[in-house]
Q: 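The structure is given below, and queries will be raised subsequently.
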Amino acid sequence: NVSFIRIVPWNWVSKKGTAGDIPGMDNTWYYRWNNQGESDLQREYTPMAWGYGGATEPSDIDLYQSKYKATHVLAFNEPDDCNGQSGQYNNMCDVNTALNVYENLMKTGLRLVSPACRQGAVFDWLNSFNALAVQNDIRIDVIAVHWYDWSMNPENSPNEDPNNIFNRFKTYLDNVYAIYGLPIWITEFNGNKYRRQEVNRQFMELAIPYLESLDYIERYS
C-alpha cells in the first residue's frame with residue numbers, strides 16, 4: 001500500500017534545540033513559530049505550519065520541500081485553543097477542520113510532527129485528532145507537546161520544590177508516550193514563568209539529562 005517514497009537527507013542533530021533563532025545555545029536545530037527561517041551549516045531549521053495559512057496552498061508545500069536541510073514539518077501551534085493561538089482562526093480548534101488542513105502537509109513527503117497543544121489537551125483534543133488521523137490513514141510521525149506545569153496552580157507556588165516539578169514532568173511524558181507510542185518532541189517547556197529563576201534553573205538541571213537519556217524523546221527546545 002505504498003503510494004510513493006520520498007528520499008531526503010537526514011541530519012544527525014542533537015536533541016537540544018531552541019524555540020526561536022537564539023544564538024549561543026550550542027544547539028543543532030531550531031524553529032521559529034513560522035515557516036520563514038533557514039538552516040545554516042551548524043543548525044537545521046524546522047519549519048512550522050503555524051496555522052491554517054501555513055498548509056492550504058500549493059506554494060506552502062513547495063516552500064517546505066525547498067527548505068535547505070529540512071527533514072520535518074511542525075504542525076499547528078495550540079489549535080486546541082479556540083480563543084488564542086492558531087485555534088482562533090478559520091475554525092482550527094475543530095478537530096475535523098484541523099485534520100483536513102493537516103492532511104495537506106503529507107504532500108511534502110517530510111516527517112510530520114503533530115500539532116502542539118496546550119498541556120492538558122494532549123489527552124483530549126490531540127487524542128481525538130490522532131484517532132481521526134489513524135481512521136483516515138493520515139500520517140503522524142512524531143507527537144509534539146508543551147509543558148509548563150499549569151495543573152499545579154504555579155501562580156501560588158513560586159518557590160515550588162524543583163524535584164516535585166521534575167517528577168510531574170516525568171509522569172506527564174510517560175503518560176503521553178503510553179497513549180501514542182510515538183517519538184516525542186517537546187517544543188515548549190519550563191518550570192513555569194511564575195516560578196523563581198532559581199527554581200527553573202534547578203528544574204532544568206534535572207530535566208535535561210533525563211531527556212537526553214530517554215529513547216522516545218527525539219528533540220526538545
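In what follows, every heavy atom counts, from backbone to side chain, and hydrogens, waters and symmetry copies are set aside.
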Q: If you compare all heavy atoms of Ala75 against all heavy atoms of Ser114, which two are closest, and at what distance to 0.1 Å?
A: CB-C, 3.7 Å
Q: Partners of Arg201 by salt bridge (charged side-chain N to carboxylate O under 4.0 Å, His left out), sequence neighbours excluded?
A: Glu198, Glu205
Q: Using the rule given for side-chain hydrogen bond (donor to acceptor under 3.5 Å, both in side chains), can you reason through Asn83 versus Gln88, listing the C-alpha separation, both sets of side-chain angles and the distance that settles it, and then say yes or no?
A: CA-CA 5 Å; Asn83 299 308; Gln88 65 186 306; over 6 Å; no
Q: For the pair Lys193 and Glu155, find out whether any cationic side-chain nitrogen is under 4.0 Å from an anionic carboxylate oxygen.
A: no
Q: For Glu218, give me all partners under salt bridge (charged side-chain N to carboxylate O under 4.0 Å, His left out), at least two apart in sequence or on another chain.
A: Arg111
Q: Does Trp150 sit in a hydrophobic cluster with other residues, and if so which ones, taking ILVMFWY side chains as linked at heavy-atom separations under 4.5 Å, directly or through other members?
A: Tyr148, Tyr194
Q: Which residue pairs pass the side chain to side chain donor-acceptor pair (under 3.5 Å) test with at least one member in residues 157-173, sequence neighbours excluded?
A: Asp149-Arg168, Ser157-Arg195, Asn159-Arg196, Glu160-Arg168, Asp161-Asn163
Q: Does Phe189 have any ring-ring contact (aromatic ring centres under 6.0 Å, His included) partners at least two apart in sequence or in another chain, and if so, which?
A: Phe169
Q: Answer yes or no: are there more than 12 heavy-atom neighbours, outside Tyr89 itself, under 6.0 Å from its atom OH?
A: no
Q: Would Ser221 and Glu188 satisfy side-chain hydrogen bond (donor to acceptor under 3.5 Å, both in side chains), going step by step from the backbone distance to the final call?
A: CA-CA 6 Å; Ser221 57; Glu188 296 181 22; over 6 Å; no
Q: Would you check if Ile217 and Tyr210 make a side-chain contact, meaning some heavy-atom pair closer than 4.5 Å?
A: no
Q: Which heavy atom of Val199 sits nearest to which heavy atom of Ile165, and what is that distance?
A: CG1-CD1, 3.6 Å
Q: Please tabulate, one pair per line, all N/O donor-acceptor pairs under 3.5 Å involving side-chain atoms of residues 123-138, not counting sequence neighbours.
A:
| unit_1 | atom_1 | unit_2 | atom_2 | d |
| --- | --- | --- | --- | --- |
| Trp125 | NE1 | Cys93 | O | 2.8 |
| Ser128 | OG | Asp124 | O | 3.2 |
| Asn136 | ND2 | Leu132 | O | 2.8 |

Q: Got a donor-acceptor contact below 3.5 angstrom from the Lys16 side chain to the Met25 backbone?
A: yes
Q: Can you name the side chain to side chain contact (heavy atoms under 4.5 Å, CB included) partners of Gln36, sequence neighbours left out?
A: Asn34, Leu63
Q: Side-chain contact test, heavy atoms from C-beta onward, threshold under 4.5 Å: evaluate it for Phe76 versus Met48 and give yes or no.
A: no
Q: Any side-chain heavy atom of Ser151 within less than 4.5 Å of one from Gln119?
A: yes
Q: If you look at every heavy atom in Gly54 and Leu105, which pair is closest and at what distance?
A: O-CD2, 4.4 Å
Q: Do Tyr177 and Ile140 land in one hydrophobic cluster if side-chain heavy atoms of ILVMFWY residues count as linked below 4.5 Å?
A: yes
Q: Shortest non-hydrogen contact from Leu214 to Lys15?
A: O-NZ, 2.6 Å
Q: Evaluate side-chain contact (heavy atoms from CB on, under 4.5 Å) for His146 paired with Asn77, printing each intermediate quantity in order.
A: CA-CA 10 Å; His146 292 171; Asn77 192 66; 3.4 Å; yes
Q: Indicate, with yes or no, if Val113 and Val122 share a hydrophobic cluster defined by side-chain heavy-atom contacts under 4.5 Å among Ile, Leu, Val, Met, Phe, Trp and Tyr.
A: no
Q: Would Trp147 and Phe203 satisfy ring pair (Phe, Tyr, Trp, His ring centres under 6.0 Å), going step by step from the backbone distance to the final call?
A: CA-CA 13 Å; Trp147 191 86; Phe203 163 67; 5.7 Å; yes
Q: I'd like to check the salt bridge (charged side-chain N to carboxylate O under 4.0 Å, His left out) partners of Lys69; sequence neighbours left out, ordered by chain and number.
A: none
Q: For Ile208 and Tyr220, which heavy atoms make the closest approach, and how far apart are they?
A: CG2-OH, 3.2 Å
Q: Please name all residues satisfying ring-ring contact (aromatic ring centres under 6.0 Å, His included) with Tyr64, sequence neighbours left out, ordered by chain then number.
A: none
Q: If only side-chain N and O atoms count, and only distance matters, is there a donor-acceptor pair under 3.5 Å linking Ser86 with Glu78?
A: no
Q: Cluster question for you: counting only ILVMFWY and a side-chain heavy-atom cut-off of under 4.5 Å, with indirect links fine, are Leu112 and Trp33 together?
A: no
Q: Let me check something: do Leu182 and Val95 share a hydrophobic cluster, defined by ILVMFWY side-chain heavy atoms less than 4.5 Å apart, either directly or through other members?
A: yes
Q: If I take atom CG from residue Leu110 and atom CD from residue Gln65, how far apart are they, to the nearest 0.5 angstrom?
A: 7.0 Å
Q: What pairs of residues pass the side chain to side chain donor-acceptor pair (under 3.5 Å) test when at least one of them lies in residues 47-63, not counting sequence neighbours?
A: none
Q: Just verifying a value: how many Å separate Asp94 CG and Asp80 CG, rounded to the nearest 0.5 Å?
A: 12.5 Å
Q: Which residue pairs pass the side chain to side chain donor-acceptor pair (under 3.5 Å) test with at least one member in residues 21-31, sequence neighbours excluded?
A: Ser14-Thr28, Asp21-Arg43
Q: Count I, L, V, M, F, W, Y as connected when their side-chain heavy atoms are under 4.5 Å apart, and connections chain through other members. Are Val142 and Ile186 then in the same cluster?
A: no
Q: Just so I know, are the side chains of Asp40 and Tyr68 near enough to count as touching, which here means a heavy-atom distance under 4.5 Å?
A: no
Q: Please determine whether a side-chain nitrogen of the Lys or Arg among Lys67 and Glu38 lies less than 4.0 Å from a carboxylate oxygen of the Asp or Glu.
A: yes
Q: According to salt bridge (charged side-chain N to carboxylate O under 4.0 Å, His left out), who are the partners of Asp141, at least two apart in sequence or on a separate chain?
A: Arg139
Q: Do the side chains of Val176 and Ile143 get nearer than 4.5 Å, heavy atoms only?
A: yes
Q: Take Thr187 and Leu74 through the test side-chain contact (heavy atoms from CB on, under 4.5 Å) and record every step on the way to the result.
A: CA-CA 9 Å; Thr187 53; Leu74 288 160; 3.9 Å; yes
